[in-house]
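These notes are about the structure you will find just below.
In what follows, chains are A, B, ... by sequence order, proteins preceding strands, each numbered from 1.
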2 protein chains.
Amino acid sequence: MTRPAHQSVTIVDVAEAAGVSKSTAGRALAGAAEVSARTRDNVVRVAAELGYRPNQVARSMITGTTETVGVVIPEMSNRFFSAALQSIARTIRKHDYELLVSSTEGEPALERRSVEVLSTKRVDGLIVAPVGGADADHLRRLTEIGTALVLLDRPAPKATSASLVSVNNIEASRLAVDHLIGLGHRHIGIISEARPDSAPAGATELEPTAHWPSTLRLAGYMRAMTDAGLTVRPGHIAHSAYSSAASYAAATRLLRATPPVTAIYCTDNVLSAGAFAALQDSGRDCPGEVSLIGFDDHEWAPLVRPRLTVVAQPTEVIGITAAEELLAAIADPTRQPATHLLPARLITRDSTAPPGRAAAGG
Amino acid sequence: MTRPAHQSVTIVDVAEAAGVSKSTAGRALAGAAEVSARTRDNVVRVAAELGYRPNQVARSMITGTTETVGVVIPEMSNRFFSAALQSIARTIRKHDYELLVSSTEGEPALERRSVEVLSTKRVDGLIVAPVGGADADHLRRLTEIGTALVLLDRPAPKATSASLVSVNNIEASRLAVDHLIGLGHRHIGIISEARPDSAPAGATELEPTAHWPSTLRLAGYMRAMTDAGLTVRPGHIAHSAYSSAASYAAATRLLRATPPVTAIYCTDNVLSAGAFAALQDSGRDCPGEVSLIGFDDHEWAPLVRPRLTVVAQPTEVIGITAAEELLAAIADPTRQPATHLLPARLITRDSTAPPGRAAAGG
DNA sequence: CTGAAAGCGCTAACAT
DNA sequence: ATGTTAGCGCTTTCAG
């Protein structure tokens, strides 16, 4: 009775036990209409008794599909990505797809590896938040071989035929800056991961980094300032690496700038915490002396004092939209790629107020 | 030139173009030693030119493995799980495995579905944070069919032959309570997702919920109180549903208890935010009038005022351990299941102080 | 309505 | 060192 098979009970076992051919067994299990109710019930019962588990790998071999989508992101513990992942998961599950997820730690080499491996595993489509600047051959390759691709959060230079789902970064910054300007601020500092020179004359360049969120947010800041007739001062643009600690240092620098800033706009969720801590430790009154705007709505934004005003991304909608766009692309390979630039929202709390107001005490 | 194949270029195409048999091509691509360097190089070159992508599905068909592990968790946007996921991902990637992840929204039916679907997709092993109380047939089934299984965060009643990786919840609570007792507190409240009557005489019962983290944390609180000769008062145990809002309400109730509590211990990360907000809004001075301990170390714990003292789980180690345990079980099916109860750590900040100390002002 | 046969792309004996 | 053959478990023509 020994059998070197990989699998305990196959459809052949079920067929034999039910006294039918494996084709009939297969049809019965698939709920095909052409099989008589009697034999179908019998087959199903026998399958249950035997503990038969269909083998999706074998099925994929034939159908050429895996009912699986891949997601490649820099980091899954990042709030933005974990929230996006959650809504992607929920959306695709409704369509009976599963999620193969790979995190790249922000490393281009790992991103390429992930995309290749998932492709090798024959995912039906891929959502990727690319990090690998200029080199996007691995993404272009996907569209060449006909794998559905949706870009999340940021575009990729060469992946022209992929859809993009992201917040409207330019407008997000405008929201923040206009709010501050409306309050009367004229000296507004910004903490950005982007290098000040990466967004020189706007955000329409074709440079590798020109369309990254941080670059666009910086560009949006510059544009909003300019449109309001305010001067964009290099000394008010603080570059920060992508960490809370770096942001702390950047904010500290900004607080010593001349002319002094009366407000700081923080362009990323991991940078917000560091900036807030720096402002707190500086002893400056917020919002009395310095206003602060964070990016992304955190659980803690209403918990700290002053409660933090933020520019919130529609994270959930972004995830849902990316998933739906991908499912649509899988269902219809001729579908044209679309760009979804979702609107951000300003959530006004207590960390922003008119400038020059002394601490009211108490 | 038309071909109804599912795949653009297969190993047969490569073989033909290279003028060898498909076995040789396969061996060359696999880097087998028995193939001459000359033909191997040639095959590899031709494969690259043709844009050949190996088909992992077909390979799995033969080997019976997928180099994929499944992870089933209640929610991936939850801080604890997203952090665990991240370290699981990193660990398995080093062993060239991929991650098929499914979130269950805390619904037992979805959990069963996820486990079955991933099993159908022939994952080599599964890490699950079970939620489905008494009904764990779907998990027992896995071990029956020989699929490696590791339980994360909480055990499952019937899945006896699976490893478990979790924090030591009893000791975690003892850490918190002993700290408070050491400061002089005698009236310590607790906010718990567990019903007070679920952990009556300790945590050694065999009831469905008896080993859930929340139950164990409550039991640990009761045990630590008792061991210190303090009275466990039902009025000081506030039950809360699993949400920040519910915890806010529970904390508010606790603040009105008689005799009054001088300290509150919060047993879960999502409950911590609500309790903190409630204490803040109550106008009570913390830690002057009431001390507070949260669970899990949040990004915001050092940002709020007072900075929050917490019991921190070794989230990263939990994820790594679960992944390694799973990989070991996959590699050696005869391996005996192990239980890893990792130690929690108390991070003392400013929200805990001796009781009865009036607000010092300023 | 059911069965027989072919084959998805690949690896793994078994030859040579 | 290379080629030939036989499947992995399943779906899907094609016959009946």
Side-chain angles (χ1 to χ4, degrees), chain A residues 2-44 46-47 50-67 119-124 145, chain B residues 2-44 46-47 50-67 119-124 145:
Chain A
T2 55
R3 182 150 48 75
H6 297 133
Q7 188 169 327
S8 40
V9 28
T10 75
I11 201 170
V12 188
D13 300 315
V14 174
E16 283 174 0
V20 294
S21 75
K22 72 172 174 178
S23 334
T24 303
R27 284 188 274 249
L29 261 10
E34 332 119 280
V35 71
S36 81
R38 211 167 133 308
T39 54
R40 175 163 35 91
D41 292 351
N42 185 240
V43 168
V44 168
V46 168
L50 262 44
Y52 169 69
R53 284 180 310 152
N55 187 330
Q56 173 68 44
V57 174
R59 181 176 302 170
S60 290
M61 188 86 250
I62 298 173
T63 63
T65 69
T66 53
E67 277 73 55
S119 176
T120 264
K121 289 194 186 295
R122 293 301 187 269
V123 292
D124 296 335
I145 62 184
Chain B
T2 56
R3 183 151 47 76
H6 297 131
Q7 187 168 327
S8 41
V9 29
T10 76
I11 201 170
V12 188
D13 300 316
V14 175
E16 283 174 1
V20 294
S21 75
K22 70 173 173 177
S23 338
T24 303
R27 283 187 276 249
L29 261 10
E34 332 121 279
V35 71
S36 83
R38 212 167 133 307
T39 55
R40 178 166 29 103
D41 292 350
N42 184 239
V43 169
V44 169
V46 168
L50 263 43
Y52 170 69
R53 284 181 308 154
N55 187 330
Q56 173 68 43
V57 173
R59 180 177 302 167
S60 291
M61 188 87 250
I62 298 174
T63 63
T65 69
T66 53
E67 276 74 55
S119 176
T120 265
K121 289 194 186 296
R122 293 301 188 269
V123 291
D124 295 336
I145 61 184

Would you say [X] places a side-chain N or O within less than 4.0 Å of OP1 or OP2 belonging to [N]?
X       : N      : result
B/Thr10 : C/dG9  : no
A/Arg59 : D/dC10 : no
A/Thr24 : C/dC1  : no
A/Ser36 : C/dC1  : no

So, does the side chain of B/Ser23 form a donor-acceptor pair with the base of D/dT4 at under 3.5 Å? yes
Would the base of C/dG3 count as contacting A/Arg27 through its side chain, where contact means a donor and an acceptor less than 3.5 Å apart? yes
Need one value for A/Val20: base, sugar-phosphate or nothing, where a base atom within 4.0 Å counts as base even if backbone is also close, heavy atoms only. sugar-phosphate
Touch check for B/Ser60, heavy atoms < 4.0 angstrom, all strands: base, sugar-phosphate only, or nothing? nothing
What pair of heavy atoms forms the shortest contact from A/Gly64 to A/Asp124, and how long is it? O-OD1, 4.4 Å
Going by atom types only, do A/Ser60 and A/Arg122 share a side-chain donor-acceptor pair under 3.5 Å? no
Value in whole Å for how far the [atom2] atom of [N] lies from [atom1] of [X]:
X       : N      : atom1 : atom2 : answer
B/Leu29 : D/dT2  : CG    : C1'   : 15 Å
A/Asn55 : D/dT11 : CG    : P     : 9 Å
A/Ile11 : C/dC8  : CD1   : P     : 19 Å
A/Gln56 : D/dC8  : CD    : C1'   : 15 Å
B/Lys22 : C/dC8  : NZ    : C1'   : 11 Å
B/Met61 : D/dC8  : CE    : P     : 9 Å

B/Lys121 side chain to A/Thr66 backbone, donor-acceptor under 3.5 Å: yes
For residues B/Leu29 and B/Val44, determine if any side-chain heavy atom of one lies less than 4.5 Å from a side-chain heavy atom of the other. yes
Would you call B/Val46 and B/Val43 a side-chain contact if the rule is heavy atoms closer than 4.5 Å? no
